[in-house]
Amino acid sequence: MKIHNTLSNTLEEFKPINEDKVSIYVCGPTVYSYIHVGNARPLIVFDTLRRYLKYKGYDVDFVQNYTDIDDKMINRANQEGITVNELAAKYIQAYEKDAKELNVIPADSKPRATEHIGEIIKIIKSLEEKGYAYKTDDGVYFNTMAYENYGKLSGRKIEDMKSGARVAVDENKKAPSDFALWKSEKPGEPSWGSPWGKGRPGWHIECSAMSMKYLGETFDIHGGGTDLIFPHHENEIAQSEGATGKPFVNYWMHNGHININNQKMSKSLGNFFTIPEIAEKFDLEVLRFFMLGVHYRSQVNFSFELMEQANQALNRLYTAKLRWEGLAGEGKPSGEMEQLSQKTKNTFEENMDSDLNTAGALGALFEFVRSANFMLDNNPEAADAKLALSTLNELSGVLGILYRDMTVLPEEIKELAEKRVQARKDKNWALSDELRDKIIKMGYTVEDTAEGQKVKKK
RNA sequence: GGCGCCAUAGCCAAGCGGUAAGGCAGAGGUCUGCAAAAUCUCCAUCACCAGUUCGAUUCUGGUUGGCGCCUCCA
């Protein structure tokens, strides 16, 4: 499998440290608000990576943190009139609900920054001993000038940053690129004791502490959005490698951003949709499918029109699935279907092996649906619907789609459907059409077949 | 100012040296109640210019247009 590594900016053959085990760390959310569509992308991308690695036979150790202490947390907690801890609990819960609806497998470890203060202090101490950190009036800073490899991930030079700095240089810092490891206590803010006095950890150090605690000083894959490359990931490398003297991460993977009208979707620009907002209009599976339609490193423009397109495409897959489920009982071993199935898997894997090309893999899935349908139409006796179904299920499982149970209908819909069957018996077409439109309006589709009427979720 | 990325049909999107996957929309066929659903078929020479090559959408240089990072940000 080839993976694009931000460190080398090239496609590299993926070789895990342990032959059959892969360790992955993905930067999680700061839990001060609901996540938006952009935040959902790394969730979906790295969950799909995880699923695919499992499909390939690897054991995956997946860690995602929660940043539950920083300026935004404190401000928001004050605004809502609750403690930082209560705020974190509230939005972690919301996050996990969204993740579940996106069919994201819960991480093996979900560490919180505030529960790892001890580990954080240990790293800062070690950095201080090695001369990579210095103390100022408002905290402890990392000395980027002292770390020779600073900039190796983002390709930035400290000198360039000086000249291009858009923000006033902090007087306390030796260089503009230096960053806080520990922030001294301010009145009214949560704080913890440390060798440098009471205070709280800087943002970057948390991820170093938590990733190394759960995955070791060197691990396989670290993921996140492209915006994290600098400074966050650059700083993580400096701290971690500075403290341990060992390589921190072998493969850095970064997903592209979601745009709205060709502009980055972000909280600061205010042009974002939260996941709960999307969930009002679409099942979150549609969002997952939509994102899988584009390579994870590309930017994607988000719109409800595009979501509708994705919804239609997803429906096509569900239609095939439902149909094959109905036929599966009649499945007979078929060499032809076996061949088609194998060919599909090959194409699917080729694409996934090529830096997680989910769009290409999806293409293979759609082609499979068409070809298998063709076989089932032309020679249902010989075609193996059971095998078609299991292939579809296996591959869609890797992508984390087609997980909804479309056969369970609400009572309300059932009633309408029954009425419609009667109307059709009476040849009351006007009433039948009216009922059909009602059902469609409620998010379901109706299909008339030789055996009768089929109603399913849209 | 520094550093990157991108430009493929009405829309979305793979491919990245040998003559364009897939989806949505659209058109036509089958089926049907004149319908719907389902299903099948059809629908592009890859922003522009100049090079390299037997051959370029794919490589190089340039032009134009768009986006991102350099500040919290997925």
Side-chain angles (χ1 to χ4, degrees), chain A residues 6 9 26-30 32 35-46 67 70-72 151 154-157 159-168 176-177 203 223-232 234 254-259 262-269 272 289-290 292-295 297-301 303 305-317 319-320 322-323 347 351 354 357-370 373-374 376-378 424 427-430 432-433 436-437 439-440 445-450 453-456:
Chain A
T6 309
N9 198 223
V26 179
C27 288
T30 300
Y32 71 107
I35 60 166
H36 65 225
V37 175
N39 297 304
R41 175 116 98 145
L43 266 176
I44 293 163
V45 166
F46 294 107
T67 295
D70 82 336
D71 292 343
K72 287 181 303 241
S154 58
R156 283 170 213 289
K157 296 185 180 74
E159 305 83 71
D160 293 343
M161 282 180 255
K162 275 183 191 163
S163 52
R166 283 195 273 146
V167 175
S177 48
W203 174 40
T226 50
D227 55 342
L228 294 183
I229 294 173
F230 190 89
H232 188 233
E234 191 69 67
H254 296 279
N255 62 272
H257 279 143
I258 304 290
N259 289 174
N262 274 323
Q263 268 222 310
K264 178 181 167 179
M265 174 186 292
S266 76
K267 288 185 178 167
S268 45
L269 287 172
F272 62 89
F289 180 87
F290 166 70
L292 292 175
V294 187
H295 188 96
R297 284 196 287 125
S298 307
Q299 292 178 164
V300 197
N301 225 2
S303 75
E305 193 194 328
L306 260 15
M307 282 289 281
E308 195 45 62
Q309 285 190 14
N311 192 208
Q312 289 305 326
L314 225 206
N315 275 170
R316 191 176 160 78
L317 256 26
T319 302
L322 255 31
R323 179 188 177 197
T347 312
N351 278 292
S354 171
N357 185 352
T358 52
L362 232 29
L365 217 52
F366 277 101
E367 263 184 294
F368 175 67
V369 166
R370 184 154 41 76
N373 263 332
F374 187 82
L376 291 163
D377 282 342
N378 286 291
R424 291 177 65 77
K427 295 206 184 293
N428 185 346
W429 305 123
S432 162
D433 287 357
R436 182 196 68 220
D437 291 346
I439 292 170
I440 289 174
T445 59
V446 199
E447 178 189 346
D448 300 320
T449 67
Q453 170 186 261
K454 276 188 194 163
V455 182
K456 63 180 185 185

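Letters A, B, ... are given to chains in the order of the sequence lines, protein chains preceding strands, and every chain is numbered from 1.
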* Asked: Using atom P of each nucleotide, how far apart are B:rU63 and B:rG2 to the nearest Å?
  -> 14 Å
* Asked: Quick one: what's the B/S/- string for nucleotides 20-30 of chain B, heavy-atom cutoff under 4.0 Å, read 5' to 3'?
  -> -BSBB------
* To do: Rounded to whole angstrom, note down the C1' distance from B:rU41 over to B:rC3.
  => 49 Å
* Report the nucleotide, chosen from B:rA14, B:rC70, B:rA74, that has the shortest atom-to-atom distance to any side-chain atom of A:N351. => B:rA14
* Structure fact -> Pairing partner of B:rU19, by Watson-Crick or G-U wobble and under 3.5 Å for both distances, is none
* Atom-to-atom span, CG of A:L269 to P of B:rA74 - whole angstrom -> 13 Å
* Structure fact -> Hits for ring-ring contact (aromatic ring centres under 6.0 Å, His included) against A:F289, two or more places apart or cross-chain, chain-then-number order -> none
* Would you call A:F46 and A:N255 a side-chain contact if the rule is heavy atoms closer than 4.5 Å? -> yes
* Structure fact -> In whole angstroms, the gap separating C1' of B:rC12 from NE2 of A:H295 amounts to 16 Å
* State, with a plain yes or no, whether a side-chain heavy atom of A:N39 is found less than 4.5 Å away from one of A:K267. => yes
* Structure fact -> Re B:rA13: Watson-Crick or G-U wobble partner, both distances kept under 3.5 Å, found to be none
* Among B:rU39, B:rC70, B:rG15, which nucleotide sits nearest the side chain of A:D377? -> B:rU39
* Taking atom C1' in both B:rU45 and B:rG18, compute the distance separating them and give it to the nearest angstrom. => 14 Å
* **Most 5' of A:P42 and A:S298 on RNA chain B, judged by nearest nucleotide** => A:S298
* Asked: Contact class for A:N262 vs. all strands (heavy atom < 4.0 Å): base, sugar-phosphate, or nothing?
  -> sugar-phosphate
* Asked: Say you pick atom P in B:rG4 and the same atom in B:rC43; how far apart are they, in whole Å?
  -> 42 Å
* Considering only the C1' atoms, how many Å lie between B:rA21 and B:rA14, rounded to the nearest integer? -> 6 Å
* Nearest-angstrom distance from the residue atom CD of A:Q299 to P of B:rC12 -> 14 Å
* To do: Provide the Watson-Crick or G-U wobble partner of B:rC3, both distances under 3.5 Å; none if there is no partner.
  => B:rG68
* Roughly how far, to the nearest 0.5 Å, is the CG atom of A:L317 from the CZ atom of A:F368? -> 10.5 Å
* Say you draw a straight line from CG of A:L365 to CZ of A:R316; how long is it, rounded to the nearest 0.5 Å? -> 11.0 Å
* Asked: When you compare B:rU32 with B:rA7, how far apart are their C1' atoms, in angstrom units rounded to a whole number?
  -> 45 Å
* Is there a side-chain contact between A:I35 and A:P29, using heavy atoms and a 4.5 Å cut-off? -> yes
* Closest listed nucleotide, where the reference is the side chain of A:H257 and the choices are B:rA14, B:rC70, B:rA74 -> B:rA74
* P-based separation of B:rG23 from B:rU58 [nearest Å] -> 26 Å
* A:S266 OG to A:I258 CD1 distance, which is reported to the nearest 0.5 Å -> 12.5 Å
* Structure fact -> Between CZ of A:F230 and P of B:rA74 the distance, given in whole Å, is 17 Å
* Nucleotide forming a Watson-Crick or wobble pair with B:rG28, both distances under 3.5 Å -> B:rC40
* Asked: In whole angstroms, how far is the P atom of B:rG2 from the NZ atom of A:K157?
  -> 12 Å
* Value in whole Å for how far the C1' atom of B:rA38 lies from CG of A:L376 -> 13 Å
* Out of B:rG68, B:rA14, B:rC67, which has the shortest distance to the side chain of A:K264? -> B:rG68
* To do: Check the distance between B:rA14's C1' and A:L365's CG and give it to me in whole angstrom.
  => 14 Å
* Asked: Taking the side chain of A:W429 as heavy atoms from C-beta outward, which of B:rG33, B:rC67, B:rU39 is closest to it?
  -> B:rG33
* If you check every side-chain atom of A:L228, which of B:rC40, B:rG15, B:rA74 has the closest atom? -> B:rA74
* To do: For B:rA50, give its Watson-Crick or G-U wobble partner with both distances under 3.5 Å, or none.
  => B:rU60
* Asked: Quick one: are A:T347 and A:E367 in side-chain contact, heavy atoms under 4.5 Å?
  -> no
* Taking atom C1' in both B:rG15 and B:rG26, what distance in whole Å separates the two? -> 25 Å
* Asked: How many angstroms lie between atom NE2 of A:H36 and atom CZ of A:R41, to the nearest 0.5 angstrom?
  -> 11.5 Å
* Asked: Considering only B:rA74, B:rG68, B:rC40, which nucleotide approaches the side chain of A:N255 most closely?
  -> B:rA74
* Asked: Looking at B:rC12, B:rC69, B:rC72, which one has an atom nearest to any side-chain atom of A:L306?
  -> B:rC12
* May I ask you to evaluate whether A:N301 reaches the phosphate of B:rC12, defined as a side-chain N or O under 4.0 Å from OP1 or OP2? => no
